[in-house]
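Inspection log for the structure reproduced underneath, given as structure tokens.
Since this is a predicted model, take the numbers as computed values, not measurements. By convention in this document, chain letters (A, B, ...) are assigned in the order of the sequence lines, proteins followed by strands, and residues within each chain are numbered from 1. Atoms considered below: every heavy atom in the structure, side chains included; atoms not considered: hydrogens, waters and symmetry mates.
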Number of protein chains: 2
Amino acid sequence: MREGPDIARIASLVGDPARANMLNALMGGTALTASELALEAGVSLPTASSHLSKLMEGGLLTLASQGRHRYYGLASAQVAGMIEAIIGVAEAVGPKRVRPGPRDAAMRVARVCYDHLAGEQAVAMLDRLFDRKLLLREDNEIRLSPSGASHFSALGIDTHAKARRPVCRACLDWSVRRSHLAGTLGAAILDKIIAEKWARREKDSRAVVFSPTGRQAFERVFLS
Amino acid sequence: MREGPDIARIASLVGDPARANMLNALMGGTALTASELALEAGVSLPTASSHLSKLMEGGLLTLASQGRHRYYGLASAQVAGMIEAIIGVAEAVGPKRVRPGPRDAAMRVARVCYDHLAGEQAVAMLDRLFDRKLLLREDNEIRLSPSGASHFSALGIDTHAKARRPVCRACLDWSVRRSHLAGTLGAAILDKIIAEKWARREKDSRAVVFSPTGRQAFERVFLS
DNA sequence: GTGATGCTTCGACCGCGGTCGAAGCATCAC
DNA sequence: GTGATGCTTCGACCGCGGTCGAAGCATCAC
């Protein structure tokens, strides 16, 4: 018996198959309606609605109403990071799959984690941003250096904090088991990658697939 | 409906109050017996035993039999990291506690995370080890540099890999939301801190409290 | 061998929470 | 206004899983 944060409550929210499927679907970063999430989870609309209200009450989701459409999304990158951590353990202890499959390999290279890039490319990128001193580790935070601020501005990437969200944040990568970049800067970089058409989102997957020229451009800008 | 790692199964293992209490107790790194864990969880011995077999089957625990005593411990630093991530979300979405209390503050400064140090001090230490190039980020891993190897050897810290466990690993800190050092090196450093009596473990808590001189010694060796 | 200790297994109980059909509510188009 | 769409609420059902006492099993001390 101990007080402290109610970890059982949070874990049990993720611990139902229908809710886990919904959260997994939302890891792609796109907000979805109750009908879409019911389909993802394989349950009826009333059941999905009941799950969604539980996830809302637990603080794991946000809701944006647009007319008669109601879009559910993950509450934060922190929630996404927790789900990544659970996926990591599930992968590690789960039955070894015979062949990981091409989609799985693509996910390890680059994928969406809520609103930012994850995978080997993302971890390598954060390492290089530190090496080039565009980002600094300081006072237990990741901070944008002056040269980093001008670097990203020159690329047309907005580096200003929005609504209480930090610019830079670390997020643990389940496939690499190292940190990648989250926060508004992480989200802005992913936006740029997609906007520049350096990479495209795989349909019905979190995988991010770079084109040959897009990969070169990405590496020149972020990995050089 | 989707295939993939069974995250609901792992999360539901953590999602029961009794099991969550047990896992929380094991975050201190000390392996405990079924009776001790039953006490922690506030359930009877038969109930605790049933929970423990479920956690074992799910791959979250390891078991070491010593005569008629059976010691349960967390299966890996990865499992510990997942629990830290869940704690982080529970803290963030949970009711804001009126006064965090001194023990809570001490936990944020330094605490045990399974077998290694976590908290502000641990995050600062990993940053400095990178700055001093004793550790290197390379190929999506953390590697010990040659100078790092001789540095730690000189301190009497064994830096050899043991039984398929990596020497260096990142683990996300729930209070700082940045990486600290896990792996055999992370464990060896915590061992040294305790062995040198630079700090002591708080009873019935994960907090690690440095003595004034111990803190100076730690900062001289790892934060300078 | 005998008795003690530590834990697991068995069996029975029970209630929490997931489930969906039907009804209700809100917003839309026209 | 009327009908359609999208979602939530209500109500009833049901079964999974948590619970513990009693019994059983394994290892210890002597």
Side-chain angles (χ1 to χ4, degrees), chain A residues 1-2 6-26 30-75 90, chain B residues 1-2 6-26 30-75 90:
Chain A
M1 292 291 204
R2 36 181 68 245
D6 194 348
I7 81 171
R9 174 157 178 263
I10 300 301
S12 69
L13 283 173
V14 188
D16 172 85
R19 286 194 293 261
N21 283 335
M22 291 174 167
L23 292 167
N24 206 20
L26 293 171
T30 326
L32 298 171
T33 64
S35 326
E36 291 168 323
L37 288 166
L39 200 69
E40 284 284 344
V43 292
S44 72
L45 243 174
T47 303
S49 184
S50 148
H51 285 307
L52 289 167
S53 66
K54 276 168 191 156
L55 289 170
M56 283 295 296
E57 202 177 354
L60 300 191
L61 297 185
T62 49
L63 173 59
S65 289
Q66 286 178 21
R68 61 180 155 181
H69 294 269
R70 313 188 75 192
Y71 290 95
Y72 291 92
L74 292 188
Chain B
M1 292 291 205
R2 35 182 70 244
D6 194 347
I7 80 171
R9 175 158 178 265
I10 300 300
S12 68
L13 283 173
V14 188
D16 172 84
R19 287 194 293 262
N21 283 336
M22 291 175 167
L23 292 167
N24 206 19
L26 293 172
T30 325
L32 298 170
T33 63
S35 325
E36 291 168 324
L37 289 165
L39 201 70
E40 284 285 343
V43 292
S44 72
L45 243 174
T47 303
S49 183
S50 147
H51 284 309
L52 289 168
S53 65
K54 276 168 190 157
L55 290 169
M56 283 295 296
E57 203 177 356
L60 299 191
L61 298 186
T62 49
L63 174 58
S65 288
Q66 285 178 22
R68 61 182 155 182
H69 294 269
R70 313 189 75 192
Y71 289 96
Y72 291 92
L74 292 189

(Q) For B:L13, is there any backbone N or O sitting under 3.5 Å from a side-chain donor or acceptor partner on B:R19? (A)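 At least one qualifying donor-acceptor pair exists.
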Validation row: [X], [Y] side chains within 4.5 angstrom (heavy atoms):
| X | Y | value |
| --- | --- | --- |
| A:L26 | A:L37 | yes |
| B:V14 | A:I10 | no |
| B:Y71 | B:T33 | yes |
| B:L74 | B:T62 | no |

(Q) For a quick check of understanding: with a heavy-atom distance under 4.0 Å over all strands, which category does A:T33 fall into, base, sugar-phosphate or nothing? (A)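 Here A:T33 touches the backbone only, sparing every base.
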Q: Could you tell me whether B:Y71 contacts a base, only the sugar-phosphate backbone, or nothing, with contacts defined as non-hydrogen atoms closer than 4.0 Å?
A: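 Nothing: the residue B:Y71, judged by heavy atoms under 4.0 Å, touches no strand.
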Does [N] have OP1 or OP2 under 4.0 Å away from a side-chain N or O of [X]?
| X | N | value |
| --- | --- | --- |
| B:R70 | D:dA26 | no |
| A:Y72 | D:dT8 | yes |
| A:T47 | C:dG18 | no |

(Q) Using the side-chain heavy atoms of B:P46, tell me which of these nucleotides is nearest: D:dT19, C:dC20, D:dA22. (A)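 Selected nucleotide: D:dA22.
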Q. Do any of residues 7-19 of chain B sit with a heavy atom less than 4.0 Å from DNA chain D, and if so which?
A.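 Residues of residues 7-19 of chain B under 4.0 Å from DNA chain D: B:D16, B:R19.
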(Q) Once rounded to the nearest 0.5 Å, what's the spacing between atom OG of B:S44 and atom CG of B:L39? (A)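 Result: 12.0 Å between the selected atoms.
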(Q) Distance check, rounded to the nearest 0.5 Å: B:H69 atom NE2 versus B:E36 atom CD? (A)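 Here the interatomic distance stands at 9.5 Å.
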Distance check needed: [N] [atom2] versus [X] [atom1], whole Å only.
| X | N | atom1 | atom2 | result |
| --- | --- | --- | --- | --- |
| B:H69 | D:dT27 | NE2 | C1' | 10 Å |
| B:E57 | C:dT9 | CD | P | 11 Å |
| B:L45 | D:dA22 | CG | C1' | 13 Å |
| B:L61 | C:dT8 | CG | C1' | 16 Å |
| A:L52 | D:dT9 | CG | P | 11 Å |
| A:L37 | C:dG18 | CG | C1' | 17 Å |
| A:H51 | C:dC16 | NE2 | P | 18 Å |
| B:K54 | D:dC16 | NZ | P | 13 Å |

Q: Any chance you could lay out the side chain to side chain contact (heavy atoms under 4.5 Å, CB included) test for A:S50 and A:K54, step after step, and finish with the verdict?
A: CA-CA 6 Å; A:S50 148; A:K54 276 168 191 156; 3.7 Å; yes
Q) What pair of heavy atoms forms the shortest contact from B:G15 to A:S12, and how long is it? A)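 In this case the closest contact between B:G15 and A:S12 is O-CB, 3.3 Å.
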**Q.** Bracket string, DNA chain C, 5' to 3' - pairs by Watson-Crick or G-U geometry under 3.5 Å, | interstrand
**A.** ||||||||||||||||||||||||||||||
